[in-house]
Amino acid sequence: MINSGEILQTIEMIDQQHLDIRTITMGISLRDCAHPDIKACCDKIYDKITRYAENLVRTGEQIEREFGIPIVNKRISVTPAAIVAESCDAEDVVPIAAALDRAAMAVGVNFIGGYSALVHKGCTKGDAKLLRAIPEALATTERVCSSVNVATTRAGINMNAVAEMGRIIKRTAALTAGDNGFGCAKIVVFANAVEDNPFMAGAFHGTGEPECVINVGVSGPGVVHHALQACKGQPFDEVAETIKKTAFRITRMGQLVAQEASKRLGVPFGVVDLSLAPTPAIGDSVADILEDMGLESVGTHGTTAALMLLNDAVKKGGVMASSHVGGLSGAFIPVSEDAGMIRAAEKGLLSIEKLEAMTCVCSVGLDMIAIPGETSAETISAIIADEAAIGVINNKTTAVRIIPVPGKAAGDCVDFGGLFGKAPIMPVHPLSSAEFIARGGRIPAPLNSLKN
Amino acid sequence: MRAIVTVIGKDRVGIIADVCALLAKNNVNILDISQTVMQEYFTMIMLVEIPKGGIDFDELSHLLSDSGTEKDLSIRIQREDIFNAMHRI
């Protein structure tokens, strides 16, 4: 029998250290839902999702009760909607978002990801239609999340799409001005997007994925934070070892839940995503872990090195605990969703420039950052271009989820509520990048040897 | 199905008897049991076997947690697999 200490340790992790399974995400292919008539297409989408995911929430809740581990979110990702919408005759593809929203509501999931397009080399007719529809789609639906991949290491950066995304984000903010531009929290601009990410808002069901799949995202910054209390003042070797062991335990939990969900739903298991995803709850913060390593505040010198160690140790610990690891797999540093990040940003100790440097060594990018409402579309595009460049040259996924909050200026604060948390408005560079963005075209794919 | 029952709370007379009676009444067999008292706090851990076709897991879980709430104890039941997954390779 497992000894009492181990049992009590597990219970303490769940009760006091916020250990949970962050999400069970069911990926569903919608490739067979294409139809020239958009109404028929929407009906097929709705029918398929509600059929496949009928038992998702109930099964998740059952596993939660039996194992005594909270499963915070049950979600769905679908084939990038641009692919499904490609053969629709209609010019306006907002109804597809509405169909996804209705289906999500019917099966009881809180978010559905995949109102997406992959345009790293250029747009097809379907992609263009989808990009045009994003602002209205996000403003008129509640649960739909959108993502656009604008760059890959193999294709380079599509600067026309980058420019377009700046305008789309501005327009989405304007259409959701009453909610402080919240629509922008549901759109992610990617470089090197992954096909099996279970986390929102960037989840979509890639074209290399099976018909239906279960991916699981674990969490647990609180558990790592707690474990590190035992190695105060110890050398980094100890810190890395402790994080690895903790990540192993967290991931084993994810693997167990993933296999159980897969078995009960009769859907193949895809991956466990080894991300440390924080929440705004006190004690569930990635920033706290970095500060445990001896930084007075996240954002000061040493932050990037601390984050690199954390990110790498989480992967090393997690890889052995799961049969298949995938998705984003890295520590997330969303500003509004992490109590420690919020604290540092409020005091002006954390800048966008430092966050950008941090994204070089962790997943997944500039995430949930609120910026002044008057920031121009070109400046937002330039921020996206910088972040995409980091991803493209380093062969990793990067993303931008940024919210130009209408009517707010640097120093103000905005509260999105729940898991989205609150965000201090961070200043952006005042000088123009407009001519840079106006050039358009593509930044060529980088050389992958002669690395320095 | 094997599961772990944990009882945590302030020590008093009859905790073990109450929990065991509830389990026996529902035909749940106790395979192993250990208990300690630390700083007045009582901690009991039991490995139990719920027979096939026996009481529904959710129902047993509610019975245990309700009986705990009445007596100011935290009583929970979780499938054994979660502890094995976390602590054994």
Side-chain angles (χ1 to χ4, degrees), chain A residues 1-17 19-21 58-71 216 218 220 223-224 227 244-264 269 272 317-323, chain B residues 1-9 11 15-16 19 28-52 54-66 68-69 73-89:
Chain A
M1 181 180 166
I2 298 284
N3 72 43
S4 330
E6 291 168 334
I7 289 172
L8 295 176
Q9 185 189 31
T10 303
I11 290 175
E12 197 187 328
M13 280 183 185
I14 295 167
D15 271 7
Q16 283 151 39
Q17 299 162 19
L19 175 61
D20 55 46
I21 301 296
R58 199 171 56 224
T59 306
E61 287 170 351
Q62 199 179 18
I63 294 173
E64 231 174 322
R65 285 195 301 273
E66 285 183 23
F67 291 95
I69 172 108
I71 301 170
V216 164
V218 297
V223 184
V224 176
K244 271 159 61 180
K245 285 179 197 157
T246 312
F248 176 83
R249 295 205 170 103
I250 296 171
T251 311
R252 287 280 281 195
M253 198 83 96
Q255 171 82 10
L256 175 70
V257 167
Q259 279 174 330
E260 197 66 32
S262 149
K263 194 169 78 189
R264 291 184 193 193
F269 157 61
V272 174
V319 155
M320 189 179 152
S322 173
S323 51
Chain B
M1 180 202 297
R2 278 153 66 114
I4 302 275
V5 176
T6 47
V7 185
I8 302 172
D11 194 19
I15 298 181
I16 298 186
V19 178
V28 175
N29 190 24
I30 300 169
L31 304 175
D32 198 349
I33 179 166
S34 79
Q35 65 107 35
T36 51
V37 179
M38 283 185 295
Q39 295 157 353
E40 289 184 30
Y41 273 87
F42 173 88
T43 308
M44 174 167 71
I45 296 168
M46 286 170 163
L47 175 64
V48 301
E49 170 96 47
I50 305 170
K52 266 212 172 88
I55 182 168
D56 177 64
F57 188 94
D58 281 350
E59 196 186 334
L60 180 62
S61 172
H62 282 134
L63 284 175
L64 284 167
S65 95
D66 290 350
T69 315
L73 295 166
S74 150
I75 308 184
R76 69 178 84 205
I77 180 163
Q78 290 162 279
R79 279 179 54 175
E80 189 196 17
D81 317 26
I82 187 169
F83 302 101
N84 285 331
M86 195 179 235
H87 298 284
R88 296 286 178 269
I89 293 180

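Just so we're on the same page: letters track the sequence lines, and every chain starts at 1.
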- [ ] Under 4.5 Å heavy-atom distance to chain B, tell me which part of A:Gln255 shows up: side chain, backbone, both or neither.
- [x] neither
Open item on the list: Is A:Ile63 close to chain B through its backbone or its side chain, or both, or neither, when contacts mean heavy atoms under 4.5 Å?
Closed with: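 For A:Ile63, neither part sits under 4.5 Å from chain B.
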At what distance, to the nearest 0.5 angstrom, does [atom1] of [X] lie from [atom2] of [Y]?
| X | Y | atom1 | atom2 | value |
| --- | --- | --- | --- | --- |
| B:Ile77 | B:Thr6 | CD1 | OG1 | 9.0 Å |
| A:Gln17 | A:Gln9 | CD | CD | 8.0 Å |
| A:Ile71 | A:Met253 | CD1 | CE | 10.5 Å |

For [X], is it the side chain, the backbone, both or neither that has a heavy atom under 4.5 Å from a heavy atom of chain A?
| X | value |
| --- | --- |
| B:Thr36 | neither |
| B:Asp81 | both |
| B:Phe83 | both |

- [ ] Give a yes or no on whether a salt bridge exists between A:Arg249 and A:Glu6, defined as a side-chain N under 4.0 angstrom from a carboxylate O.
- [x]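 Not counted as a salt bridge, because no side-chain N and carboxylate O are separated by less than 4.0 Å.
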TODO: Using a strict cut-off of less than 4.0 Å between a Lys/Arg side-chain nitrogen and an Asp/Glu carboxylate oxygen, indicate whether B:Arg76 and A:Asp15 qualify as a salt bridge.
DONE: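 Yes, B:Arg76 and A:Asp15 are salt-bridged.
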Task: Residue among A:Leu8, A:Val257, A:Thr10 with most heavy-atom pairs under 4.5 Å to chain B - done: A:Thr10
